[in-house]
Amino acid sequence: MIALDRVSRHYGAVAAVDNISMTVARGAFVALVGASGSGKSTLLRMMNRLETPDSGRVTIDGRAVSDEAPHRLRRRIGYVFQQHGLFPHMSVAANIAIGLRLEGRPVGDRVGEMLDLVELPRAIAGRMPDALSGGQRQRVAIARALATEPPILLLDEALGALDPVTRDSVAGRLVALHQRLGLTTLLVTHDMAEALLTATRVLVMDKGRIVADATPAQLVAGEGGEVAQGLMAVPRHQAERLAALAR
Ligand code: ADP
Ligand code: MG
C-alpha cells in the first residue's frame with residue numbers, strides 16, 4: 001500500500017534519510033524504531049508530504065504522493081504526533097470534527113462514535129483540551145486523526161509523552177482499533193519494547209538507513225543484526241532483572 005523507492009532527504013550535509021526503499025502491505029502494523037536523530041520522523045513525514053524527498057519516489061496505492069494535493073492526501077492518511085497537536089481554543093468535539101468540517105462533510109454523530117472508538121466517555125466532548133489528562137488528550141488526537149476514516153494511520157512517537165500505564169493501555173487500544181478498522185499502521189518509536197509489543201513487523205533505522213526488517217519473534221531470538229540487538233538490550237535486560245526478582 002505504501003512504497004518508497006530509493007528515497008533520500010538531506011539537511012545540509014546530514015542525510016536524514018539515505019536511499020531507502022521499502023514497502024508496507026495493506027493491513028500491516030509496522031513499527032519503525034531507532035535512536036533519536038536516525039531519520040524516523042523525516043521518513044514518516046515524506047509519506048504525507050510534510051517533507052519532500054530530494055530524490056526517489058513515495059507512492060500510496062500505486063500513486064505518487066507528489067501528484068496529489070497535500071490536503072487530499074492527508075484525508076487518506078491519519079497522522080498523530082507526540083505533542084497531540086489539539087487546537088487549545090477548541091472543544092474536544094470541535095477538534096474531532098475539524099477534518100470533516102474542512103471537507104464539508106456532515107458531522108452527525110461522528111464525535112460520539114469516535115469517542116466510543118477510543119473508549120473515552122462521550123461526556124467529555126464539550127471540554128477543552130487543557131481539562132484532559134495526557135492519555136485522554138492523546139486518545140482525542142487519535143480520534144481526530146481517524147474521524148475522516150483514513151485507511152492509513154501514521155503515529156510519530158504518539159505515545160511517547162504518556163506515563164507507562166497509560167501508554168500501555170493506549171497502545172492496546174491502538175492495536176485493537178487497527179484490527180477492527182482494517183488500518184495500515186506505521187508507528188514510529190524509539191522504544192523497542194513498544195515496537196515489539198504492538199507491531200507484527202519491526203523496521204530498525206540507523207543514520208538514515210533501514211538496517212533491520214524483522215518480526216518481533218526474530219528480534220527476540222537475537223536476529224536482525226547489531227543495531228537492532230543494541231536496541232533489544234534494554235527490554236531484554238529489564239525482563240531478565242524482573243525474572244530474577246521472581247526467583
Ligand atoms: P528521528 O525522528 O529519528 O529522531 P529525524 O528524522 O527527526 O530523526 O532527524 C534525522 C536527522 O535530520 C537528524 O540529524 C536531524 O537533526 C536532522 N533534521 C531533521 N529535520 C531537520 C530540519 N528541519 N532541519 C535540519 N535538520 C533536520
Ligand atoms: Mg522523530
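As the structure lists them, so they are numbered: ligands from 1, and atoms in each ligand from 1. This chain uses plain numbering: 1 for the first residue, then up along the sequence.
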**Message:** Distance alone, cut at 3.5 Å: any donor-acceptor contact between the side chains of Gln229 and Arg236?
**Reply:** yes

**Residue Thr42 vicinity, atoms of ligand 1 by number, heavy atom under 4.0 Å** = 5 (P), 6 (O), 9 (O)

**Item:** contact_flag Ala35 ligand 1 heavy-atom lt 4.0 Å
**Value:** yes

**Request:** Identify which of Gly37, Ala16, Gly208, Ser38 has a heavy atom lying nearest to atom 12 (O) of ligand 1.
**Result:** Ala16

**Fill in**
Between Leu196 and the options Leu219, Thr215, Val33, Asp191, the side-chain contact (heavy atoms from CB on, under 4.5 Å) test singles out Leu219

**Message:** If the cut-off is 2.8 Å, does any N/O/S atom of Ser41 fall short of it from the Mg ion (ligand 2)?
**Reply:** yes

**Request:** Would you check the N or O atoms of Lys40, main chain and side chain alike, for any that come under 3.5 Å of an N or O of ligand 1?
**Result:** yes

**Prompt:** Is a side-chain donor-acceptor pair under 3.5 Å present for Asn48 with Arg74?
**Reply:** no

**Message:** How far is atom 8 (O) of ligand 1 from the closest protein heavy atom, and which atom is that?
**Reply:** Gly39 N, 3.1 Å

**Request:** State whether any protein heavy atom lies less than 4.0 Å from atom 20 (N) of ligand 1.
**Result:** yes

**Request:** May I ask whether Gly34 has any heavy atom positioned less than 4.0 angstrom from an atom of ligand 1?
**Result:** no

**Message:** Only heavy atoms of Val14, strictly under 4.0 Å: list the atoms of ligand 1 that pass.
**Reply:** 14 (O)

**Message:** I'd like to know if the side chain of His190 pairs up with that of Ser36 as donor and acceptor (distance under 3.5 Å, no hydrogens or angles considered).
**Reply:** no

**Prompt:** For atom 15 (C) of ligand 1, is some protein heavy-atom partner under 4.0 Å away?
**Reply:** no

**Nearest heavy-atom neighbours spanning Ile20 and Gly208** = CD1-O, 3.3 Å

**Item:** Nearest protein heavy atom with distance in Å, relative to atom 18 (N) of ligand 1
**Value:** Tyr11 CD1, 3.3 Å

**Message:** Please give me the minimum heavy-atom distance between Val202 and Ala195, naming the atom from each residue.
**Reply:** CG2-O, 4.2 Å

**Message:** Could you check whether Arg144 makes a cation-pi contact with Phe87, meaning its NZ or CZ is under 6.0 Å from the centre of the six-membered ring and within 45° of the ring axis?
**Reply:** yes

**Nearest-neighbour protein heavy atom for atom 7 (O) of ligand 1, which is reported as residue plus atom name and distance** = Ser41 CB, 3.8 Å

**Message:** Could you report the tightest heavy-atom contact between Leu44 and Asp156, atom names first, then the distance?
**Reply:** CD2-CB, 3.7 Å

